[in-house]
There are 2 protein chains.
Amino acid sequence: MTPPAASGSVAVDDAPDTGKRLSSEERRRQILVAALAVFGARGYEGATTDEVARAAGVSQPYVVRLFGSKENLFLAALDDALARMLAGFRAALADQTPHDPEVTPEKATAQRIGQAYVDLIEVRGLHQTLAHAYLLGSHPAIGAAARQGFAKVWRFFRDEMGLDADESRAFMAEGMLISTMIGLRIVDDYGSDPQITELFRSCFPTELPHVLEVLPRGTDRW
Amino acid sequence: MTPPAASGSVAVDDAPDTGKRLSSEERRRQILVAALAVFGARGYEGATTDEVARAAGVSQPYVVRLFGSKENLFLAALDDALARMLAGFRAALADQTPHDPEVTPEKATAQRIGQAYVDLIEVRGLHQTLAHAYLLGSHPAIGAAARQGFAKVWRFFRDEMGLDADESRAFMAEGMLISTMIGLRIVDDYGSDPQITELFRSCFPTELPHVLEVLPRGTDRW
DNA sequence: GTCTATAAACAGATAGAC
DNA sequence: GTCTATCTGTTTATAGAC
């Protein structure tokens with residue numbers, strides 16, 4: 001029986017397959033899942049390779065061995081997060097499900113993309129890891145990668161989705177606010193403070209029940 | 001002559017008054033200035049009390065002595081940042097300078113507040129420290145303080161500025177995007193990539209020259 | 001492919017002098 | 001009010017075995 005996750009750690013449900021030998025690729029994927037959760041909760045510097053390793057069910061030196069260094073691991077996690085996000089956006093863009101005839105097709109697409117963005121909270125730590133990366137602009141390696149990634153998202157809105165500069169900016173702004181509220185874990189105060197409740201409701205007009213369910217209170221405690 | 005700042009450190013112009021004995025209050029203020037710069041560039045975990053101390057021109061143990069712990073120092077810096085921001089907002093709100101008669105008084109006020117927000121980039125690390133705090137929602141002490149601070153800003157918009165929930169949200173969203181672009185140091189790529197240049201221009205329609213001047217390239221390198 | 005052991009570097013905090 | 005010296009725990013990374 002696996003011991004319960006030590007209090008104060010970022011427990012990843014995806015339990016460690018203790019003792020199993022996997023392909024390098026599969027392990028990498030497992031570790032990336034763990035890395036998103038841990039980096040998301042603690043940030044680049046706050047996260048330890050050991051915590052990532054424990055969350056993935058492997059030893060700490062093995063994580064370093066597979067990715068070369070903590071920095072590389074973070075860069076890989078960042079890449080992974082961006083790839084997942086753009087994949088989600090593209091799926092939403094391609095979605096042909098009939099929409100409410102009251103709204104224009106453009107508006108329907110925008111709603112789908114927004115929904116896809118919110119749905120990504122199901123990938124533990126994804127939004128938070130991206131936000132942490134965006135704050136590391138001064139870091140020589142991470143900063144450059146983060147800027148590139150941010151530009152990639154911008155280009156998606158402009159080129160693939162066809163928004164103009166102002167619409168893109170407004171879209172990204174809403175996204176940044178949502179990320180902030182996730183990272184802040186406003187959920188933890190939702191319901192206990194009327195002002196916070198109002199703020200939260202205003203940010204998630206339609207997805208509220210879903211968000212409350214996917215971000216259970218007290219997750220990722222230190 | 002003070003030695004040049006070690007490469008990779010967060011140099012704070014406000015040079016250390018080597019050897020001077022100051023009042024505890026004055027020292028606290030100096031250290032808080034340094035703390036905002038260092039926490040802003042490196043984040044809570046990435047920052048070291050030693051770097052804050054060197055930026056402030058005092059010894060590392062003295063920083064810990066004055067503030068009790070690194071965590072307390074961060075909380076103090078967060079409080080300071082929020083107080084400065086709200087003070088800036090209130091000054092902008094009270095500002096009676098005649099405005100463009102083409103725009104409504106409400107719009108003019110919103111512009112002034114937006115301007116005040118952007119102007120805060122002059123306080124080194126302020127926006128970045130706030131953004132880092134907002135990402136630490138899982139931290140037992142910092143997370144709670146960050147949520148409170150965020151709610152305070154929300155209340156300013158709603159109660160003092162008189163915006164409705166949707167307007168407040170849109171305002172904060174723009175703010176979060178601006179913070180993100182500052183933390184990302186998009187300035188560092190401005191001009192070299194047409195897409196980034198467009199993005200940046202779109203975010204700072206009026207304040208561009210000012211922003212480029214106050215955030216010189218390569219500042220805060222690691 | 002994966003682990004144990006461990007080296008090497010740090011960073012936060014304390015003690016105690018001036 | 002402020003410093004130097006230093007203890008202690010932590011963390012990344014390497015070596016080498018299985």
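Excluded from the calculations below are hydrogen atoms, water molecules and symmetry mates; all remaining heavy atoms, backbone and side chain alike, are included. On a predicted model such as this, the values are computed, not experimentally measured, just so you know. Naming convention: chains lettered A, B, ... in sequence-line order (proteins, then strands); numbering from 1 in each chain.
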Worksheet item: Is it true that A/E174 and B/R169 have a side-chain N and a carboxylate O under 4.0 angstrom from each other?
Response: yes

Which pairs, protein N/O on one side and nucleotides 16-18 of chain D N/O on the other, fall under 3.5 Å?
| residue | atom | partner | partner atom | Å |
| --- | --- | --- | --- | --- |
| D/dG16 | O6 | A/R65 | NH2 | 3.3 |

Item to complete: Inspect the contact between A/E51 and A/R42 and indicate whether a charged nitrogen and a carboxylate oxygen are less than 4.0 angstrom apart.
Response: yes

Practice prompt. Starting at atom CZ of B/R42, determine the distance to atom P of C/dG12, rounded to an integer number of angstrom.
Written response: 12 Å

Worksheet item: Contact class for A/S24 vs. all strands (heavy atom < 4.0 Å): base, sugar-phosphate, or nothing?
Response: sugar-phosphate

Discussion item. When you compare the side chain of A/I196 with that of B/F150, does any pair of heavy atoms fall below 4.5 Å?
Written reply: no

Worksheet item: What is the distance, rounded to the nearest whole Å, between atom CG of B/N72 and atom C1' of C/dG12?
Response: 13 Å

Worksheet item: Atom CZ of A/F74 to atom C1' of D/dT11: distance rounded to whole Å?
Response: 18 Å

Worksheet item: Do you know which two heavy atoms are closest between A/I113 and A/F171, and how far apart they sit?
Response: CG2-CE2, 3.9 Å

Table please: side-chain donor-acceptor pairs of residues 68-75 of chain B below 3.5 Å, with sequence neighbours left out.
| residue | atom | partner | partner atom | Å |
| --- | --- | --- | --- | --- |
| B/S69 | OG | B/N72 | N | 3.1 |
| B/S69 | OG | B/N72 | ND2 | 3.4 |
| B/K70 | NZ | B/Y44 | O | 2.9 |
| B/K70 | NZ | B/E45 | O | 3.3 |
| B/K70 | NZ | B/A47 | O | 2.7 |

Worksheet, complete the sentence: Of C/dA13, C/dT2, D/dA15, the nucleotide closest to the side chain of B/S69 is C/dA13

Discussion item. Assess the residue pair A/R201 and A/Y190 against the criterion (side-chain hydrogen bond (donor to acceptor under 3.5 Å, both in side chains)); give the C-alpha distance rounded to whole Å, side-chain angles, the decisive distance to 0.1 Å, and a yes or no.
Written reply: CA-CA 9 Å; A/R201 283 228 171 87; A/Y190 179 80; 3.2 Å; yes

Worksheet entry | Sidechain N-carboxylate O distance under 4.0 Å for A/R28, A/D80 | no

Worksheet item: Whole Å only: how far is the CZ atom of A/R54 from the C1' atom of C/dC3?
Response: 16 Å

Discussion item. Tell me the interatomic distance from B/I31, atom CD1, to D/dT2, atom C1', rounded to whole angstroms.
Written reply: 10 Å

Discussion item. Tell me whether A/R90 forms a cation-pi arrangement with A/F156, defined as NZ or CZ under 6.0 Å from the six-membered ring centre and within 45 degrees of its axis.
Written reply: no

For nucleotides 9-11 of chain C, print each protein N/O atom paired with a nucleotide N/O atom at under 3.5 Å, atom names and distance only.
none

Worksheet item: Between atom CZ in B/F67 and atom C1' in D/dT2, what is the gap in whole Å?
Response: 15 Å

Discussion item. On DNA chain C, compare the nucleotides closest to B/Q60 and A/S59; which residue's is nearer the 5' end?
Written reply: A/S59

Discussion item. Nearest whole Å is fine: how far is C/dT2 C1' from A/Q30 CD?
Written reply: 13 Å

Worksheet entry | Rounded distance in Å - OH (B/Y62) to P (D/dT6) | 23 Å

Worksheet item: Would you call B/R217-B/D188 a salt bridge at under 4.0 Å N-O?
Response: no

